[in-house]
Q: 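Sharing a structure, written as structure tokens. Questions coming.
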Amino acid sequence: MTTGRTDILAHGVLVYEPAYPLNLDATLSCGQLFRWKKREDTWQGVADGRVISLCENGGRLYCTGCSEAFIISYLHLDCACDAIVSGFCRDAHITAAVRRIGGLRIVRQDPWECLISYICAQNANIPFITRMIENLCRAAGRPVTAPDETVRYAFPTPAALAALSLEEIRVCSLGYRAPYIYKTAAAIAADSGWAARIRKLPFEEARRALQAYPGIGPKVADCVLLFGFQKYESFPVDVWIRMIMHRLYGIGNLDTSLTPAEYERIRRFAQEHFGPYAGYAQEYLFAVRESYADEIF
DNA sequence: ACATTGCCTTTGAT
DNA sequence: AATCAAAGGCAAT
């Protein structure tokens, strides 16, 4: 399904007119991706081993560095997201979040990059996560030069990452996460069919299979299922979502640490309340988390 | 078996 | 300068 119109301009610039709203800023800055930077009006990122530039102007998306097919798939533009959004807008809170940042898309990430990125993400904030991943790419990724001469690094292949020693991974400021990355990279480098296998599994089984890798618990598994495998019923519960779900829907209590039982309770409620695209709702709530920041105190 | 607790590195914000 | 929280997971209680 295509839900937009494309043209190719001079110098290989692709112009895309989405038939449904796209909020590029929200999509690239909401914390689902860690490799995109905005300079002036242009986003530059590394995906699929290439440097890609994106710019939004007058409802049009200008893109260089990749194919039309890739960017449409990556940004989830091949989807009538109005139907998805209206499907989970079942109360005033989520409707308000959608009104504020309409056009937020869940990006189709590479499962491998997503897996490693979200192992890094545990107990870290977004600037720190970005630094860890950038360090890993510099240590084991292929250098890629952008049209404007800036040099960036592709995300390492499983083989390249698995070739690093534990110490080489640790000095990417990964701290106690280094052994997780080390072991998981080795397991996946030796098993090229891992992603295809997980993709075919029913949701709960895929979730269990992911948690068999070191450093992957319920939260990271849910992120990988949502961002890497497009399992949109997945509802990752982090400290922010926990706080927001408590505030908006009275689920759980914030006095104790997040127990597995409470995680399950929040996840089940959300899947029931928001429906098959609960994960999309999660990303909208996460994107507006700052407006609930006062709840922490 | 099941739930709870303390610890794990490093960084960025206050 | 010191303290704390950060898109958590794990092994020991």
Side-chain angles (χ1 to χ4, degrees), chain A residues 26-36 97 101 104 106-107 109 113-136 138-139 166-185 187 207-229 231-232 234-247 252-267 270 278-297:
Chain A
T27 299
L28 298 180
S29 70
C30 72
Q32 58 178 320
L33 296 162
F34 305 101
R35 305 220 62 209
W36 288 86
I101 49 163
L104 172 68
I106 291 184
V107 171
Q109 297 188 36
E113 177 172 347
C114 186
L115 182 75
I116 297 299
S117 297
Y118 279 89
I119 292 177
C120 294
Q122 65 182 63
N123 210 30
N125 53 32
I126 290 171
F128 182 21
I129 301 163
T130 303
R131 172 184 288 245
M132 286 189 270
I133 294 170
E134 210 59 42
N135 288 344
L136 275 180
R138 208 181 312 271
L166 179 57
E167 190 52 29
E168 285 173 313
I169 292 174
R170 196 187 300 278
V171 297
C172 293
S173 62
L174 289 186
Y176 70 92
R177 305 165 193 80
Y180 299 157
I181 301 290
Y182 183 74
K183 293 178 200 165
T184 295
R207 195 168 184 265
R208 275 193 294 276
L210 282 172
Q211 291 185 63
Y213 293 108
I216 300 184
K219 196 277 178 178
V220 173
D222 284 335
C223 285
V224 175
L225 289 168
L226 180 60
F227 303 127
F229 289 101
K231 306 276 192 189
Y232 295 114
S234 178
F235 193 87
V237 180
D238 60 70
V239 290
W240 292 98
I241 290 298
R242 181 197 187 195
M243 178 268 291
I244 291 169
M245 292 301 284
H246 177 261
R247 173 157 174 170
N253 70 309
L254 305 180
D255 301 326
T256 60
S257 64
L258 178 62
T259 64
E262 188 184 351
Y263 190 108
E264 281 303 294
R265 204 153 51 239
I266 298 171
R267 176 168 84 96
Y280 242 95
Q282 189 268 12
E283 206 53 20
Y284 273 88
L285 292 174
F286 187 82
V288 299
R289 65 194 177 283
E290 295 297 344
S291 41
Y292 302 109
D294 58 319
E295 178 79 6
I296 290 174
F297 303 103

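Just so it is clear, the structure is predicted and the values come from calculations on it, not from any experiment. Numbered from 1 within each chain, the chains take letters A, B, ... in sequence-line order.
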Q: Measure from OH on A:Tyr263 to P on B:dA3 and round the result to the nearest Å.
A: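 After rounding, the reported distance stands at 16 Å.
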
Q: Looking at every strand, decide which applies to A:Ile126 at a 4.0 Å heavy-atom threshold: base, sugar-phosphate, or nothing.
A: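 Sugar-phosphate only.
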
Q: How many whole angstroms separate atom CZ of A:Arg289 from atom C1' of C:dA5?
A: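 Going from A:Arg289 (CZ) to C:dA5 (C1'), I get 14 Å.
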
Q: Could you please name the partner base of B:dT9, counting Watson-Crick and G-U wobble pairs only when both distances are under 3.5 Å?
A: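 Paired with B:dT9, as far as the under-3.5 Å criterion goes, is no nucleotide at all.
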
Q: What's the closest nucleotide to the A:Pro260 side chain, out of C:dG9, B:dT11, B:dT4?
A: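 Closest of the options to the side chain of A:Pro260: B:dT4.
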
Q: Taking A:Ser234 for its side chain and A:Asp222 for its backbone only, find out whether a donor-acceptor pair lies under 3.5 Å.
A: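 Yes, the answer is positive, given that a donor and an acceptor are paired below the 3.5 Å cut-off.
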
Q: So what does A:Gly31 touch, heavy atoms closer than 4.0 Å: a base, only the sugar-phosphate, or nothing?
A: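 A:Gly31: base contact, heavy atoms under 4.0 Å.
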
Q: Quickly work out the A:Leu136 CG to B:dT9 P distance and round it to whole Å.
A: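 Those two atoms, CG and P, are 17 Å apart.
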
Q: Calculate the interatomic distance between A:Ile169 atom CD1 and B:dT10 atom P; express it in whole Å.
A: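 After rounding, the reported distance stands at 14 Å.
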
Q: How far does the C1' atom of B:dC2 sit from the matching atom of C:dC10, given to the nearest Å?
A: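 Each nucleotide's C1' atom is 16 Å from the other's.
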
Q: Anything under 30° is parallel, anything over 60° is perpendicular, the rest tilted; go ahead and classify A:Tyr118 against A:Phe227.
A: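 Plane angle under 30°, so parallel.
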
Q: Taking CZ from A:Arg177 and C1' from C:dA7, how many angstroms apart are they, rounded to a whole number?
A: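 Distance, rounded to whole Å: 11 Å.
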
Q: Classify the nucleic acid contact of A:Gln211 as base, sugar-phosphate or nothing, counting any heavy atom under 4.0 Å across all strands shown.
A: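 No contact.
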
Q: Nearest-nucleotide wise, let me know which of A:Tyr213 and A:Gln282 is further upstream toward the 5' end of DNA chain C.
A: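 Here A:Gln282 is the residue nearer the 5' end.
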
Q: Which part of the nucleic acid does A:Ile241 contact within heavy-atom distance under 4.0 Å: base, sugar-phosphate only, or nothing?
A: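 Since no nucleic acid heavy atom lies under 4.0 Å of A:Ile241, the category is nothing.
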
Q: Checking the side chain of A:Tyr263 only, and the main-chain atoms of A:Leu258 only, is there a donor and an acceptor separated by less than 3.5 Å?
A: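 No.
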
Q: Please give the distance between the C1' atoms of C:dA5 and B:dC8 as a whole number of Å.
A: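 One C1' to the other, the span is 15 Å.
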
Q: Within the structure shown, what part of the strands sits under 4.0 Å from A:Val237 by heavy-atom distance: base, sugar-phosphate, or nothing?
A: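 Nothing: the residue A:Val237, judged by heavy atoms under 4.0 Å, touches no strand.
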
Q: Can you tell me if A:Arg131 touches the phosphate of B:dG12, counting only side-chain N or O atoms and a distance under 4.0 Å to OP1 or OP2?
A: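 For B:dG12, OP1 or OP2 has a side-chain N or O of A:Arg131 closer than 4.0 Å.
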
Q: Quiz question: going by heavy-atom distance under 3.5 Å, is there a donor-acceptor pair between the base of B:dT9 and the side chain of A:Asn123?
A: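 Counting by modelled atom types and ignoring angles, a donor-acceptor contact under 3.5 Å is found here.
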
Q: Rounded to whole Å, please give me the gap between CG in A:Leu174 and P in C:dG8.
A: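 Taking CG of A:Leu174 and P of C:dG8, I get 15 Å after rounding.
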
Q: Base, sugar-phosphate, or nothing for A:Glu262, non-hydrogen atoms under 4.0 angstrom?
A: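 Result for A:Glu262 = nothing.
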
Q: Hey, which of these two, A:Gly215 or A:Ile129, hits DNA chain C nearer its 5' end, going by closest nucleotide?
A: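 Going by which nucleotide is closer to the 5' end, it is A:Ile129.
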
Q: Assuming nearest nucleotide by heavy-atom distance, tell me which of A:Pro127 and A:Thr256 is located more 5' along DNA chain B.
A: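 Its nearest nucleotide being more 5', the pick is A:Thr256.
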
Q: Distance between the C1' atoms of B:dG12 and C:dG9, in whole angstroms?
A: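 The answer is 22 Å between these two C1' atoms.
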
Q: Quick check against the 3.5 Å criterion: does A:Arg242 have a side-chain atom that pairs as donor or acceptor with the backbone of A:Asn253?
A: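 Checked: pair present.
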
Q: Taking CZ from A:Phe128 and C1' from B:dC8, how many angstroms apart are they, rounded to a whole number?
A: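 The distance from CZ of A:Phe128 to C1' of B:dC8 comes to 12 Å, rounded to the nearest Å.
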
Q: Taking A:Arg138 for the side chain and A:Asn135 for the main chain, is one N or O donor matched with an acceptor at less than 3.5 Å?
A: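 Answer holds: no.
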
Q: Do the numbers put A:Arg131 on top of the ring of A:Phe128, so that NZ or CZ is under 6.0 Å from the six-membered ring centre and no more than 45° off the axis?
A: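 No.
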
Q: In whole Å, I'd like the distance from the CG atom of A:Asn253 to the P atom of B:dA3.
A: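 Whole-Å distance recorded here is 15 Å.
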
Q: Does the ring of A:Tyr180 lie flat against the base of C:dG9, closer than 5.5 Å centre to centre with planes under 30°?
A: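 Stacking between A:Tyr180 and C:dG9: absent.
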
Q: Between A:Arg177 (side chain only) and A:Cys120 (backbone N and O only), is there a donor and an acceptor less than 3.5 Å apart?
A: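 Judged by distance alone, yes, a pair lies under 3.5 Å.
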
Q: Expressed in whole Å, how much space separates the P atoms belonging to C:dC4 and B:dC7?
A: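 Pairwise P distance, C:dC4 against B:dC7, rounds to 15 Å.
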
Q: When all nucleic acid strands are considered with a 4.0 Å heavy-atom cut-off, which category describes A:Phe34: base, sugar-phosphate, or nothing?
A: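 No contact.
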
